[in-house]
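What follows is one structure encoded as structure tokens, with my remarks underneath.
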Amino acid sequence: MDASEEPLPPVIYTMENKPIVTCAGDQNLFTSVYPTLSQQLPREPMEWRRSYGRAPKMIHLESNFVQFKEELLPKEGNKALLTFPFLHIYWTECCDTEVYKATVKDDLTKWQNVLKAHSSVDWLIVIVENDAKKKNKTNILPRTSIVDKIRNDFCNKQSDRCVVLSDPLKDSSRTQESWNAFLTKLRTLLLMSFTKNLGKFEDDMRTLREKRTEPGWSFCEYFMVQEELAFVFEMLQQFEDALVQYDELDALFSQYVVNFGAGDGANWLTFFCQPVKSWNGLILRKPIDMEKRESIQRREATLLDLRSYLFSRQCTLLLFLQRPWEVAQRALELLHNCVQELKLLEVSVPPGALDCWVFLSCLEVLQRIEGCCDRAQIDSNIAHTVGLWSYATEKLKSLGYLCGLVSEKGPNSEDLNRTVDLLAGLGAERPETANTAQSPYKKLKEALSSVEAFEKHYLDLSHATIEMYTSIGRIRSAKFVGKDLAEFYMRKKAPQKAEIYLQGALKNYLAEGWALPITHTRKQLAECQKHLGQIENYLQSSSLLASDCHLTEEERKHFCQEILDFASQPSDSPGHKIVLPMHSFAQLRDLHFDPSNAVVHVGGVLSIEITMYSQMPVPVHVEQIVVNVHFSIEKNSYRKTAEWLTKHKTANGIINFPPETAAFPVSQNSLPALELHEMLERSPSDNSLNTTGIICRNVHMLLRRQESSSSLEMPSGLALEEGPHMLRCSLVTLEPGANKITFRTQAKEPGTYTLRQLCASVGSVWFVLPHIYPIVQYDVYSQEPQLHVEPLADSLLAGIPQKVKFTVTTGHYTIKNGDSLQLSNAEAMLILCPVESRAAVYSNTREQSSDAALRIQSSDKVTSISLPAAPAYHVIEFELEVLSLPSAPALGGESDMLGTPEPHRKHKDKQKTGHCMVTTDHKVSIDCPWSIYSTVIALTFSVPFRTTHALLSSGTRKYVQVCVENLSELDFQLSDSYLVDTGDSTDLQLVPLNTQSQQHIHSKQSLFFVWELKWTEEPPPSLHCRFSVGFSPASEEQLSISLKPYTYEFQVENFFTLYNVKAEISPPSGMEYCRTGSLCSLEVLITRLSDLLEVDKDEALTESDEHVTTKLMYEVVDNSSNWAVCGKSCGVISMPVAAQATHRVHMEVMPLFAGYLPLPDVRLFKYLPHHSAHSSQLDADSWIENDSLSVDKHGDEQPDSSSLKSRGSVHSVCSSEHKGLPMPRLQALPAGQVFNSSSGTQVLVIPSQDDHVLEVSVT
Amino acid sequence: MAVCVAVIAKENYPLYIRSTPTENELKFHYMVHTSLDVVDEKISAMGKALVDQRELYLGLLYPTEDYKVYGYVTNSKVKFVMVVDSSNTALRDNEIRSMFRKLHNSYTDVMCNPFYNPGDRIQSRFVCLGRAFDNMVTSMMIPVC
């Protein structure tokens, strides 16, 4: 570069830089207008249109007016822009042609020639007109002439290069106008010059930049060129543009460094790779660090110099732009970047030098920012600056470690040498900060001077940083710095100060579940606690660390050994226990009961096997493992009875414990899921919906305080429960991993035992699991011996052998050999003694333990069953067969209805009684060996059959029918049916009509047996019979015992036929058939079949002479409404009691339907005189007929057409009329005494002819 | 490329964290954990306006001397943090973005797996679950050049 191009310091490099405008011509004139000019020029902005599509800007122009000198004009190739005169003005107030010709023109020409020689085209000629001068010189040429001349002489085509300024010093409107025009012209020309010259400069600059790949290209040179542009923009107050220039340089340089790193090295860059010898930090207090700039210019700058200078410029511009926070941000980037670049370029840096540089730079930036902002602004922008604080802290820390200022003993000689070297690299303090007390330079120097000073500075910085981080909510960062601080304190042997920071950090990591930081911090904390002598805490941390899988095996063993060492120490106070939480030592995985239902009887043995997963890396000898058990008695609760317990607790006995998720942040993970339920609330009155909503059922779980649930560090105050009940296991070695430990206990008191705490003791160290969850319980019960007898089937059937199950629950009683059950025999129930019967013995948990033969001895009264020997709390089960003998008397209740003659009615009754079997109860009293009291057991047997009988007649021949119905579910084989007359009549013969001797009767089926009654003499008035039939279950094979037959006794009375009734209907005379609607004649013939018998002797009998008569009432009823009986339908007749006595009755009946019609019923009654005291057993209809008869009882045989009236009316009259009157009675004749010989006959009735055809005409 | 990749649950516990095996794992854990401060800050600063724009990429969280830490947050507030060596200047913003997008896709695949319990750590020992994710992270940590 040209040495003469040394810029002039007073003119440039102050913020007073302005574009240079030279002034030639009349200096006095210029001096006079200068104040106005310099004041007016920047007043109005001017739009500056930019090249390359850049946005136009409004710009306030200022200028530095200097006297024109030829040296000011730049020579060819000069790149300096700041000293570049953008405009040349020639001032004159010449108004005289003579003067003009004589001097001014020459002067102008000379000026123009100089400009042309330097190819400068930015010039302006100003002619100042002065009215005062004009007036003085009257002979002057018109003013225009001078202007014209000048224009003519100099401004060939650029007439605008010559302006007139009129009366510049006056205060008139004309002056103002003239000024405005001049200023506008001046601004325009200045901007034109800027555009042109800057454009040209930029083009040159770009050309230069394009040459960067050429070998001789120098970055420094280019730097200076582009910076020149930046200066100009800065000069024009275009800071944004200026910053862009620096940013471009920054990026270009960075790119070179990156390329260099990628192997594409530029020659010039090697220069920056020279070893770092000075690390005096950024200097931001001066607008331009001339020292560094010069070194760049001289191409002597190091990388740090260049970066520092670049940043200082960027900082200055950013501060002009009111962006101090960007300075902070960029500073951090720069510092990181520089460190990286030095590494990338493999620049040799003395250890600690960069730390010094960064530390100084951080503080410098911070102080610079603080210098231009107020407190409030800084406080609200901590987020931007805190990074620098933190960085400075970090660097100071590493310097402290480097220089031995942190070690306990202080720096050694090597450290001191290093310190001296580092301080030397700082150089002397720069003058601009020399007077500042807190300058970064002074701080660093002081901090490195002594251990105490370092501590002070480091603590100051750390606390400030932590405070700032905390204030903006960056808790994690604050904790991280705090951890560094803790490390420092630990180095300084001040664990009490370190503890709080470590605790804080650990809490933070635990809360968020960061395993590695937790482990690391906990390790530090453990060391701290060890130093502090917090034995309990230290052991707790140690146990956690010993179980920490993120540590190496050696470390884990170390911590485990720490615990064991402590535990093996003889304790100074023997009873003292160190209680630690169990979960870090070992985890309870599962628990298994034996018996698996966790129910045990008193005196029984319960074993509990637990699986403990030891977290320790080495086997640990545990003196004892204790489970504290809570005992509770629940009385009068069915749920605790032996039956319930043995039946219902059917779990497999294994209880799994969820693994502890200590590594996860419990606060979030362990929260239960929302239990949401729909809620509807209805009004109580009309059940309409009042409110509806959703409720959360487990709010209490969800809305707990977070702290309490998330505190993972167990509270040290673990309470050791002491109680009378505990399960103990001594001298156990817990291997790493799963260990099975078995506790055995003998159950003593009945009740519920809840496992509460699990403790493992190693010396004086107790590991406690305070709550065993889920809840684990076992139950102990006691039981009284009991005997149950129950049928095997749903119900026991009488008459056949049935199985009955005996269950003996031994309870606390032990059955010895020889113990027996004594059954007092019931009369009608046999206990069958099978040859071989076995009893099974079970334990209470239904495991079969043995099987023994049962010995049964029977005597008349007592059956003795000797029980097999069985221990307490066992069950003996065996089966016996019992046989209920049919009870001797017949089922008396049923014989009443059996006489009912009509078969259909009988059938109905059967259905009504349905399947209800007749039952018999047998009571057996049993003496049990364990009790002095007898146990009475009732067994209910059901009779499987129901039997009915019926008397059937055919004229005078008589038959007995017996129906056996099987009500049970079983099929039976019936055999050997007999009917025996138990009465005393000798001539009665019962002839069976049954052909088969053996018959099957299926379930729910009936079987009929018939016998004919035969007699030779007069039949007896009543007949007593016994029906018996042998039966056996059809399915079974031959039974061992013979079964008693089934018997049924009954009585039949008045079975001999006395009367024969015969009815006949004949069509009207002359007709072949009966027709509907026409009267037919009904002839009823009643014939006495026997002479006077015993049965006839009753009140109705009248004896006169040898003529014996009895009064009978007949009645013709047609229940099916086939016939209309015309006239009297009933009447009383006097019947002679003699064989073949006949009574004939005629009646008119009218068929109502056509077809084969059954004849109307004819009924016969005994007509008893009224003086009988008995109330009539007749049904209502008979009673009514009887009433009507009582009115006209002698006109019986005439058909009375008047009685064809409705019966209802008669009824109503009569029923009221005859209350209390002595009335004759009617008695139905027993079914056996009347034989209706025409029952079942039918008469053909043909429809009448067309009588009833209705003609219906439809219109 | 990346020296550490971490997936952090909404509740700020790590679902997955993996760093280059050559370097001190603990350092990265601390670094990622500390970076959550800035993630939180950025998320709260984004406010509702940016949630609508669905800009998940949080950009550079903070640089350190040796590393750059980038962040990304899903709509369900799961955070992805990636630590990149500062000397690796080849990595531009766009590459980081695309890496995050890849990570997000892989994470979505993991979430879609019916055998994955949301909130559980993503472990590569479950073949169908974490393996694919792990492989993807591995591919991101292998230097390109």
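Side chains included, hydrogens not; waters and symmetry mates left out as well; all remaining heavy atoms used. Letters go in sequence order (proteins before strands), and every chain restarts at 1.
Residues B:F28 and B:Y67 place their aromatic rings such that the two centres sit under 6.0 Å apart. B:Y30 and A:Y509 have their aromatic ring centers within a separation under 6.0 angstrom.
Counting heavy-atom pairs under 4.5 Å between each of A:Q329, A:K483, A:E394, A:E333 and chain B puts A:K483 at the top. Chain B forms more heavy-atom pairs under 4.5 Å with one residue of A:L335, A:V258, A:N337 than with any other, namely A:V258.
Salt bridge A:D250/A:R307: present, at least one basic N to carboxylate O contact under 4.0 Å.
Summarising the geometry of A:V327 relative to A:F311, their closest heavy-atom pair is O-CZ, 3.6 Å, with the distance given to 0.1 Å.
Using a 4.5 Å cut-off between heavy atoms, B:E65 touches chain A through backbone and side chain atoms alike. The part of A:K343 that comes within reach of chain B is its side chain, from C-beta onward, which places non-hydrogen atoms under 4.5 angstrom from that chain. When heavy atoms are compared at a cutoff of 4.5 Å, B:D66 approaches chain A by way of both its backbone and its side chain. With a threshold of 4.5 angstrom between heavy atoms, A:Y391 approaches chain B through side-chain atoms but not through N, CA, C or O.
Residues B:D93 and B:Y57 have side chains that bring a donor and an acceptor to within less than 3.5 angstrom of each other.
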